[in-house]
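Single-structure report; data block below.
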Amino acid sequence: MMQPKSRMKIVSEQTLSNGWTRLSSYLLDYIDRKGATQQLKREVYHRTPAACILLYDPKRDLVVLVRQFRLAVHLNGDPAWMIEVPAGLLDDDHPEAAIRREAMEETGYRLREARFLFKCYMSPGAITEVVHFFAALIDTEDRVAEGGGLEEEHEDIEVLEIPLDDAARMIEAGEIFDAKTIMLLQWAALNRNRIG
């Protein structure tokens, strides 16, 4: 159901930081469901769109994942080298072009076809980033490079090949705790007969 824009009016915006991403503070007038006007303060990170992909090898019944360092996770006291699906920012590319680029850079796999699945906001309360989700069938012949990320971006990415059932168990064991990866592995478990 569409909500009328007239229920919300931006009163002011102030840039708090403009480094790796822009952080803004907003003051808004918001009319609640009872008709009362509330003045709300919100902070928003302006992140560009991104894409992620599940690489699935049906012959070996495995997925190709990556492991890389995440500072924010470390600051929370969790294991900082996270296991994830390949992903990256669109950098003004079409989502499919971007994910083809990221898959090659991170894993060394050249994609034959990439199937768009869905898009979603991962943290809509504070981040503008929308993520486009894809899946692709691969086999050993599709790995044409080493992967590991771009040296000029100081990426240090380990490529992992994990049986799909083991990857699902790793979610329950707390070894995989990245949201986009969990979503794509759950999608694969529900659609195994259609993707293989």
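- Listed for the Arg47 side chain is no donor-acceptor partner under 3.5 Å among the backbone atoms of Thr21.
- Distance check: Asp29 CG to Met8 CE gives 10.0 Å after rounding to the nearest 0.5 Å.
- Summarising the geometry of Ala114 relative to Ile53, their closest heavy-atom pair is CB-CD1, 4.3 Å, with the distance given to 0.1 Å.
- Ile99 is not connected to Tyr121 by any chain of hydrophobic side-chain contacts under 4.5 Å among Ile, Leu, Val, Met, Phe, Trp and Tyr, and they are in different clusters.
- You'll find the side chain of Thr37 reaches within 4.5 Å of the side chain of Ile31, heavy atoms only.
- The shortest non-hydrogen separation linking Val63 to Ala167 is CG2-CB, 4.1 Å.
- Of all non-hydrogen atoms in Val64 and Glu161, the two that sit nearest each other are CG2-CG, 4.2 Å.
- For the pair Leu90 and His132, the minimum side-chain heavy-atom distance is below 4.5 Å.
- Annotation for Tyr56 and Pro58: closest pair O-CD, 3.3 Å, computed over non-hydrogen atoms.
- Note: Arg112 CZ to Arg100 CZ = 10.5 Å, rounded to the nearest 0.5 Å.
- More than 12 heavy atoms of other residues, nucleotides or ligands shown are found within 6.0 angstrom of CD on Gln39.
- A donor-acceptor pair under 3.5 Å links the side-chain atoms of Asp142 to the main chain of Asp139, judged by distance alone.
- Under the 4.5 Å side-chain heavy-atom criterion for ILVMFWY residues, no single connected hydrophobic cluster contains both Met183 and Val73.
- Counting non-hydrogen atoms of other residues, nucleotides and ligands closer than 6.0 Å to CG of Asp32 gives a total above 12.
- We find the CG-CD distance between Asp93 and Glu102 to be 9.5 Å, quoted to the nearest 0.5 Å.
- Within 6.0 Å of atom CZ in Arg110, 12 or fewer heavy atoms from other residues, nucleotides or ligands are found, so the atom counts as exposed in its surroundings.
- From Tyr109, atom OH reaches atom CG of Asp57 across 6.5 Å, with rounding to the nearest 0.5 Å.
- Under a cut-off of 6.0 angstrom, the local environment of NE2 in His74 is sparse, with at most 12 non-hydrogen atoms contributed by other residues, nucleotides or ligands.
- Just one of Arg42, Lys41, Arg22 meets the salt bridge (charged side-chain N to carboxylate O under 4.0 Å, His left out) condition when paired with Glu13; it is Arg22.
- Considering Glu84, Met82, Glu158 in turn, Glu158 is the only one that fulfils the side-chain contact (heavy atoms from CB on, under 4.5 Å) rule with Arg67.
- For Tyr30, the side-chain hydrogen bond (donor to acceptor under 3.5 Å, both in side chains) criterion is met by Arg7, not counting sequence neighbours.
- There is no path of hydrophobic side-chain contacts, each under 4.5 Å, that joins Tyr45 to Leu89.
- In the hydrophobic cluster analysis, where Ile, Leu, Val, Met, Phe, Trp and Tyr join through side-chain heavy atoms closer than 4.5 angstrom, Leu164 is grouped together with Val85.
- The hydrophobic clustering, which links ILVMFWY residues whose side-chain heavy atoms are closer than 4.5 Å, places Leu40 and Leu16 apart.
- Between Arg70 and Asp178 no salt bridge is recorded (no basic side-chain N to carboxylate O distance below 4.0 Å).
- Heavy atoms of other residues, nucleotides or ligands lying less than 6.0 angstrom from CZ of Phe177 number more than 12.
- No donor-acceptor pair under 3.5 Å is formed between the side chain of Ser25 and the backbone N or O of Glu43.
- Taken from CZ in Phe134 to CG in Leu117, the straight-line distance is 8.0 Å, to the nearest 0.5 Å.
- Annotation: the span from Leu160 atom CG to Ile83 atom CD1 amounts to 5.5 Å, rounded to 0.5 Å.
- Taking both residues in full, the closest heavy atoms of Leu54 and Leu184 are given as N-CD1, 3.7 Å, listed atom of the first, atom of the second, then distance.
- Val130 has its side chain within reach of Pro49: a pair of non-hydrogen atoms, C-beta onward, lies under 4.5 Å apart.
- Classified by interplanar angle (parallel below 30°, tilted 30° to 60°, perpendicular above 60°), the ring pair Phe69/Trp81 is tilted.
- Distance alone, capped at 3.5 Å, places no donor-acceptor pair between the Arg143 side chain and the Ile138 backbone.
- Closest approach of Glu106 and Ala87 over heavy atoms only: OE2-O, 2.7 Å.
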